[in-house]
Participant: 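Below are the structure tokens for one structure; questions will follow.
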There are 2 protein chains.
Amino acid sequence: MRLTTKGRYAVTAMLDLAFHSERTPVTLMDIATRQTISLSYLEQLFSRLRRAEMVVVVRGPGGGYQLSRPVAEINISDIIKAVDEQIDSTQCGGETNCQNQKACLTHDLWMGLSNQIHHYLASISLADLLERKPIQEVASRQEQDVEHLIELRREVIVRL
Amino acid sequence: MRLTTKGRYAVTAMLDLAFHSERTPVTLMDIATRQTISLSYLEQLFSRLRRAEMVVVVRGPGGGYQLSRPVAEINISDIIKAVDEQIDSTQCGGETNCQNQKACLTHDLWMGLSNQIHHYLASISLADLLERKPIQEVASRQEQDVEHLIELRREVIVRL
DNA sequence: ATATAGTTGACTGATTTACTGGGTTAAGGA
DNA sequence: TCCTTAACCCAGTAAATCAGTCAACTATAT
Ligand code: FES
Ligand code: FES
């Protein structure tokens, strides 16, 4: 399997949206500040998330992103698949052909592992994560940490 | 997490040993031929497997490798850990510090995934894999495919 | 002695990651 | 109608990782 920062950032960003986009859209700049992810990198990820119809976009001033459906209907494996293309532990990518067009000795094992991982991640929704105490704590810590930065940005904008 | 050909090859090679090293040691050359893995690459992997005491070695002519304990006592996660160092899905490697020395939003989630994967792979032993029908079939197919190559090598050796 | 077979470390080409920049397009407000 | 916001898109790139090679060495059986 491959699980890189791409998939991790995507889930982190979606969870950030889940926490903050209930009423108004959230800009990538806000997410970038709260989650310390590069803005340009987020743009790439959201381009894919939008194409996968995980988020909806509002352009222009006051715009940003919102989740496309209720948090209970968005699961982690969908998010990862949207940006990372596959959640597959096999060498062959499911083609059963990694040893001269035939099955290798361990194909079976990796298929089992892939299924295991897939079921686990598919069983967890953003709603589940929102409920977890440790995650709520991190989220509120992040808000406090960067509150002044985001406010500052807003004030500067207003003043100009 | 990272699961690369390194870990996959190691499991494949150990399974090959499980099938063939019951009586006499198996050379890396034989494994390389049956599993179509580069000999030099196998050497690297077995150097680690030996240090992790997963295999025992017999040097010199007629030598090779054997499993260090019964197949039922060798599980997949041990093999992968021996060559791949970690079976961890977190960014922080369990340090809980990937966002300015503090926990990121999704640390909890990746820890859960890591545990899930670990338990799954730890629950499977080489003995379990040996019993699986599809794996037995692949193993016997491989033996037939390369039998003549290995025999040929033996004959050439005898003749010299 | 000599061939077998494992041991070790350095090294390399190819690919992927994570990220940056620059310019474009859509929408709201003065 | 400008100007600004903020998403969109594409090309490029430094660094890391992977998969594998090479070469020189040691131990052992015949
Ligand atoms: S992993 Fe599918 S054939 Fe090897
Ligand atoms: S994954 Fe552990 S702190 Fe981010």
Side-chain angles (χ1 to χ4, degrees), chain A residues 1-10 12-13 17 21 24-33 35-51 54-66 83-86 91 98 150 153-160, chain B residues 1-10 12-13 17 21 24-33 35-52 54-66 68 83-86 91 98 150 153-160:
Chain A
M1 191 193 58
R2 74 186 202 218
L3 178 56
T4 65
T5 59
K6 201 190 272 179
R8 274 188 286 254
Y9 280 174
T12 304
L17 272 191
S21 74
T24 57
V26 171
T27 68
L28 292 188
M29 189 52 143
D30 283 2
I31 299 179
T33 309
Q35 307 302 332
T36 52
I37 304 175
S38 132
L39 174 60
S40 304
Y41 201 38
L42 273 180
E43 285 175 353
Q44 279 180 39
L45 300 180
F46 273 80
S47 157
R48 297 205 194 205
L49 290 171
R50 187 180 48 83
R51 263 173 286 188
M54 312 288 293
V55 294
V56 290
V57 65
V58 180
R59 297 182 71 151
Y65 288 94
Q66 284 180 302
V83 297
D84 227 10
E85 47 242 19
Q86 61 189 348
Q91 175 91 336
C98 77
I150 293 180
R153 210 164 58 228
R154 297 253 157 74
E155 283 171 30
V156 170
I157 289 164
V158 169
R159 229 180 292 141
L160 287 178
Chain B
M1 191 194 58
R2 73 184 202 221
L3 178 54
T4 64
T5 58
K6 204 189 271 179
R8 273 188 288 253
Y9 281 173
T12 304
L17 273 190
S21 74
T24 57
V26 171
T27 67
L28 292 188
M29 190 51 145
D30 283 2
I31 300 179
T33 310
Q35 307 303 332
T36 51
I37 303 175
S38 134
L39 174 60
S40 304
Y41 202 37
L42 274 180
E43 284 172 353
Q44 276 182 42
L45 300 180
F46 273 80
S47 158
R48 297 204 191 206
L49 289 171
R50 186 179 51 81
R51 264 175 285 189
M54 311 289 293
V55 294
V56 291
V57 65
V58 180
R59 296 180 73 151
Y65 288 94
Q66 284 179 303
S68 63
V83 297
D84 227 12
E85 49 244 18
Q86 61 188 348
Q91 175 92 334
C98 77
I150 294 181
R153 211 163 59 227
R154 295 254 158 72
E155 283 171 31
V156 170
I157 289 163
V158 169
R159 229 180 290 140
L160 286 178

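Order of the sequence lines sets the chain letters (A, B, ...), proteins ahead of strands, with each chain counted from 1. Since the model is a prediction, treat every value here as computed from it, not as a measurement.
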Participant: Taking atom OG of B:Ser21 and atom CD1 of B:Ile31, what is their separation to the nearest 0.5 Å?
Facilitator: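 Rounded to the nearest 0.5 Å, the OG-CD1 separation comes out at 8.0 Å.
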Participant: Give the rounded distance in Å between these two atoms: CD of A:Gln66 and P of D:dA7.
Facilitator: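 Going from CD in A:Gln66 over to P in D:dA7 covers 12 Å.
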Participant: From CZ of A:Phe46 over to P of C:dC19, roughly how many Å is that when rounded to an integer?
Facilitator: 15 Å
Participant: What side-chain donor-acceptor pairs closer than 3.5 Å can you find for residues 39-50 of chain B, not counting sequence neighbours?
Facilitator:
{"from": "B:Ser47", "atom 1": "OG", "to": "B:Arg51", "atom 2": "NH2", "distance (Å)": "2.5"}
{"from": "B:Arg48", "atom 1": "NH1", "to": "B:Val83", "atom 2": "O", "distance (Å)": "3.3"}
{"from": "B:Arg48", "atom 1": "NH1", "to": "B:Glu85", "atom 2": "OE1", "distance (Å)": "3.1"}

Participant: Rounding to an integer number of Å, can you tell me how far A:Leu45 CG sits from C:dA18 P?
Facilitator: 10 Å
Participant: With B:Thr5, which residues qualify under side-chain hydrogen bond (donor to acceptor under 3.5 Å, both in side chains), at least two apart?
Facilitator: none
Participant: For B:Tyr65 and B:Leu17, work out which heavy atoms get closest and say how close.
Facilitator: O-CD2, 3.5 Å
Participant: Listed in order of residue number, which residues of residues 54-62 of chain B have a non-hydrogen atom at under 4.0 Å from DNA chain D?
Facilitator: B:Arg59, B:Gly60, B:Pro61
Participant: Where is the tightest heavy-atom contact between B:Gly63 and B:Thr27, given as atom of each residue plus distance?
Facilitator: O-CG2, 3.5 Å
Participant: What residues, two or more places apart in sequence or in another chain, satisfy side-chain hydrogen bond (donor to acceptor under 3.5 Å, both in side chains) together with B:Gln66?
Facilitator: none
Participant: Take nucleotides 9-24 of chain D nucleotide by nucleotide from the 5' end and write B, S or -, depending on whether a protein heavy atom sits under 4.0 Å from the base, only from the sugar-phosphate, or from neither.
Facilitator: B--------SBBBB--
Participant: How long is the line joining CZ of B:Arg48 and P of C:dG6, in whole Å?
Facilitator: 18 Å
Participant: Would you mind reading off the distance between A:Leu3 atom CG and C:dA18 atom C1', rounded to a whole angstrom?
Facilitator: 15 Å
Participant: Reckon B:Tyr65 touches a base, only the sugar-phosphate, or nothing at all at heavy-atom distances under 4.0 Å?
Facilitator: sugar-phosphate
Participant: Which pair of non-hydrogen atoms, one from A:Gly62 and one from A:Pro25, has the smallest distance, and what is that distance?
Facilitator: O-CG, 4.0 Å
